[in-house]
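Inspection log for the structure reproduced underneath, given as structure tokens.
Atom set for the values below is all heavy atoms of this structure, side chains included, hydrogens, waters and symmetry mates excluded. Each chain gets a letter, A, B and so on, in the order its sequence line appears, and its residues count up from 1.
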Amino acid sequence: MSSNGPPDPCVQAASARVPKGSQPAAPTDSMDRRGALRVGVTTAMALGSVALAFGLRDRGGHKKTSALPTLKDHRADKPAGATDMAIVRGPDPAANVRRAVEALGGMGRFVRRGERVVIKPNIGWNRTPEQAANTNPDVVAEVVRLVVAAGAGKVWLTDASVNTAEQCFARSGIEQAAKAAGATVIRPDASAFREVNVSGKLLRTGDVLFPFVEADRVINIPIVKQHGLSGASMALKNWYGVLGGQRVKLHQNIHLSIIDLAAMVKPTLTIMDATRILLANGPTGGSLADVKQMDTIAAGSDEVALDAFGATLLGLNPNDVGFIIEGMKAGLGTPQWQSLKTVELGS
Amino acid sequence: MFRWLRRAYQVVFLGFFLFLVVVTTAGFIRSYNVQWLLEFDPLVAVTTALASHSLHHTLLWSLVIIVPTLILGRFFCSWICPMGVLHHALGFLARKRRPPDRVKQNAPRASHKIKYLVLAVMLGLAAAGSVQIGLLDPIASTWRGLATSVLPTLGNLAFGMYQGERHFQWGTLITLVFFGALALNFVYPRFYCRVLCPLGALLGLLSKFSLFRISKNQEICKSCKFCGSECQGAADPQGTVRATECMVCLNCIESCPRGGLSYRFLPPVRSSTTKIDLVRRKWLGAGVAGAVAVPFMRASDGVEPRPNPARIRPPGSLEEDAFLEKCLKCGACMKVCPTGGLQPALHEAGVEGFWSPILIPRIGYCESSCTLCGQVCPTGAIEKLTLAQKVGEMPARPPVRIGSAFFDKGRCLPWGYQTQCIVCEEVCPTSPKAIYFKTETITARDGTQKTLKMPFVDLDYCTGCGTCETRCPVVDRAGIRVSAANESRTPRSSISLTGGKI
């Protein structure tokens, strides 16, 4: 403030607003408290804007993606002399499952106490159990019970349905049966998928249901069905159901994409449901005329062998089914299921 | 005391309404009658009955409002109407602080007669066969706003945990209209209810006969006008109470410092008036304008007899004429549709069908085992189907067809690009499948021979559900698309000779 020259009208106006009774601050050259505060604020703003600009700056070039997770190898060690594959026939699906797993050495061979397990039935379609488009709910429930009894720490059950998930999970009877048996049922909403490395011949990455990323053990419980494009949908094809996103693109090379996914998952155990099989209009079905009662369960850890056996139930020659041949070439197993140590039980 | 009783009713009915809207999803609906409040709506009953010459059985519930209104007056607006509650609650937006200013805000205005003209236009439209009441009816509007704007937005923000991701065709328009109506409270309290609401107008007409009314004891009144400062309906309690405008909020009784107002049976005739002050010529003019508009709207192309191919109606929909006589555009079918494929039409169903439901298969298909849209339709525009009726059993009982699928061979991967695909065949839900393939050997670009599965549609089995179009891997416009052709609700749509009528 200068004491020379004409008075500053702003200063006058400001001092005119000072209420009566309060003392206007004495003019001073030294920095008062308010001045110090202002310097502090300005300095903070300046430093803050520099920090913000450097923090947000675009480094140019491609954005670095963080490393994607890769699924574990879920396979269990095979004890010496253990049975490779069990085929059980009988009128009670749950009993068939129990006997098949016992023949392989019991669930304890595959699931240890405290391990986290995900069970993957086929819940792809808005169909009832009689229509044989989804895995039989009695089979699902029995598998859940066995896994729970083996002491699993966590039992998830999930599938990425093709029709509306709510309706598929309900109408297949699987959600209710699995919950009653003690599984945590995960319906595939948008938040349930994680991007992972597939590192296959065709597929590099994919969005996979999270239990498959987190689980220690994976149990595959497919149903045996005819399929228009691939010939059949059984164990190997069931891995389409771990994927979200644009999975309908896979059909452009269905056999190789099936193998890419099966090689990614490497399941612990496969229990194949052939209680009822769908012979035509698969994989959706709908008409009971296309369904055949087989009362059969096949279990093992060689998905190629199981699919070769399943193909015979559908009246197909395994050597004519593209993904079985590709699975053999990729080293996932052998179509010569008779060459394995196989046990057949039941009537 | 009245005020708290009324607020309790308002909260209970709004909560009940919200509950019914929220449970209208495939997951929660069970057998709840989610349309209960819409079935209460006398305007829905009157207009659909006028248009279709029959009263859908569920609309008998409207008597629950009609008869008490004849006795008690327009209590619905202040005690039950969900939109009325919202407007009541938002009335503070423009409310003045000083009571004399509020008296001015709540004074009767000539513009309050507009709602009666709106009603007359709506009745005229209905008489000529076009129910447009859903555009302005408060319950249908609130339904639509919640179902296709508010709840989908909240659900999407909650990562689709409620109904999955939901998107509605030009839902923004519905948002603007819904919140725009609420924002009219910035002009003056309950602007929509006083000026525009056709249901309020209808209930106002019924209130002309009401036996219970607000009555003022002129000997006690000192003209302080506190009553007018609180009046919801701008019914002029400070002067002569207008029975047609009174919403029976009972605020006036509580605000009178002398206890000079009461709500009672058969008060003295002179203490209230039922005059609306619209000459007969205006009533008639508005009604005739509504009726005349209908043939003009139908002279436009894109409606019967040459409808837009995208006008794919939900399964169980009545023939188009009958459909337009009943559909309220409330959006309940769109809300409950498990795939989200049912969408509010813009131009696809003509002017009359604006915001009526159509299936947009690229967004979602018609789930073969689902009949929920017919279950929630309050007026029977979409009939209740059993699953057996919908799926049918060929050849004896054909299924309900809502259209047919057609290949776009330039976009289809096998046809246009010699690339293996047939996802459409895989997902086709009919049995036998309407989409089938033939294996053909073709010569590829490099001269090698290649076998490909080429897909075809069998019209006899295709129901137009659109699963193929939804799932087609060709991004944006699919390689197989559904149009309404061959829908089973009218023989005029049939394509094949075996479909019957020529």
Exercise. Taking the side chain as C-beta and beyond, is there a heavy-atom pair between B:Cys421 and A:Lys249 under 4.5 Å?
Worked result: no
Exercise. By a 4.5 Å heavy-atom criterion (distance strictly below it), what part of B:Glu426 contacts chain A: side chain, backbone, both, or neither?
Worked result: both
Problem set entry | Pairwise side-chain contact, B:Ser369 with A:Asn126, heavy-atom cut-off 4.5 Å (strictly under) | yes
Exercise. Are B:Gln420 and A:His251 linked by a side-chain donor-acceptor pair shorter than 3.5 Å?
Worked result: no
For this session: Assess whether atom CZ of B:Arg397 is packed by more than 12 heavy atoms of other residues, nucleotides or ligands within 6.0 Å.
Result: yes
Problem set entry | Proximity breakdown for A:Asn253 and chain B, heavy-atom pairs closer than 4.5 Å | neither
Exercise. In terms of heavy-atom pairs under 4.5 Å, which option from A:Gly282, A:Ser191, A:Ala280, A:Ala170 contacts chain B the most?
Worked result: A:Gly282
Seminar exercise, completed: dist A:Asn163:CG -> B:Cys370:SG (nearest 0.5 Å) comes out at 11.0 Å
For this session: Report the option among B:Glu425, B:Glu393, B:Lys433 that has the most heavy-atom pairs separated by less than 4.5 Å from atoms of chain A.
Result: B:Lys433
Exercise. With only heavy atoms counted, which part of B:Lys453 is less than 4.5 Å from chain A, the side chain, the backbone, both or neither?
Worked result: side chain
Exercise. More than 12 non-hydrogen atoms from neighbouring residues, nucleotides or ligands closer than 6.0 Å to CZ on B:Phe159, yes or no?
Worked result: no
Problem set entry | Heavy-atom proximity to chain B below 4.5 Å, by part of A:Arg171 | side chain
For this session: Select, from A:Gly285, A:Ser233, A:Ala190, the one with the greatest count of heavy-atom pairs under 4.5 Å involving chain B.
Result: A:Gly285
Problem set entry | Exceeds 12 heavy-atom contacts within 6.0 angstrom, atom CZ of B:Phe406 | yes
Problem set entry | Per-residue contact mode, B:Val475 against chain A (heavy atom under 4.5 angstrom) | side chain
Exercise. Of all heavy-atom pairs between B:Ser431 and A:Ser287, which one has the smallest distance, and what is that distance?
Worked result: OG-CB, 2.9 Å
Exercise. Should we count CD of B:Glu165 as having more than 12 external heavy atoms under 6.0 Å?
Worked result: yes
For this session: Tell me, out of A:His227, A:Gln131, A:Arg187, who's got the most heavy-atom pairs with chain B below 4.5 Å.
Result: A:His227
For this session: Might you confirm whether atom NZ of A:Lys201 has over 12 heavy atoms from other residues, nucleotides or ligands at distances under 6.0 Å?
Result: no
Exercise. Side chains of A:Gln252 and B:Thr419: is there a donor and an acceptor less than 3.5 Å apart?
Worked result: no
Seminar exercise, completed: Okay, B:Thr430 and chain A: the region with an atom under 4.5 Å from a heavy atom over there is backbone
Exercise. So does B:Glu440 have more than 12 non-hydrogen atoms from other groups sitting under 6.0 Å from CD?
Worked result: yes
Problem set entry | Engaged part of B:Tyr365 at the chain A interface, taking heavy atoms whose separation is under 4.5 Å | side chain
For this session: Determine the option with the most heavy-atom pairs under 4.5 angstrom with chain A, choosing from B:Val391, B:Leu413, B:Val427.
Result: B:Val427
Problem set entry | Toward chain B, the part of A:Arg247 with a non-hydrogen atom under 4.5 Å | neither
Problem set entry | Pick from A:Ala165, A:Gly124, A:Gly228, A:Ala133 with the largest number of heavy-atom pairs that fall under 4.5 Å of chain B | A:Gly228
Problem set entry | A:Thr284 side chain to B:Cys428 backbone, donor-acceptor under 3.5 Å | yes
Seminar exercise, completed: Here the pair of heavy atoms bringing A:Gln167 nearest to B:Pro338 is NE2-CG, 3.6 Å
Problem set entry | Minimum heavy-atom distance between B:Thr339 and A:Thr164, given as atom pair plus value | CG2-OG1, 3.5 Å
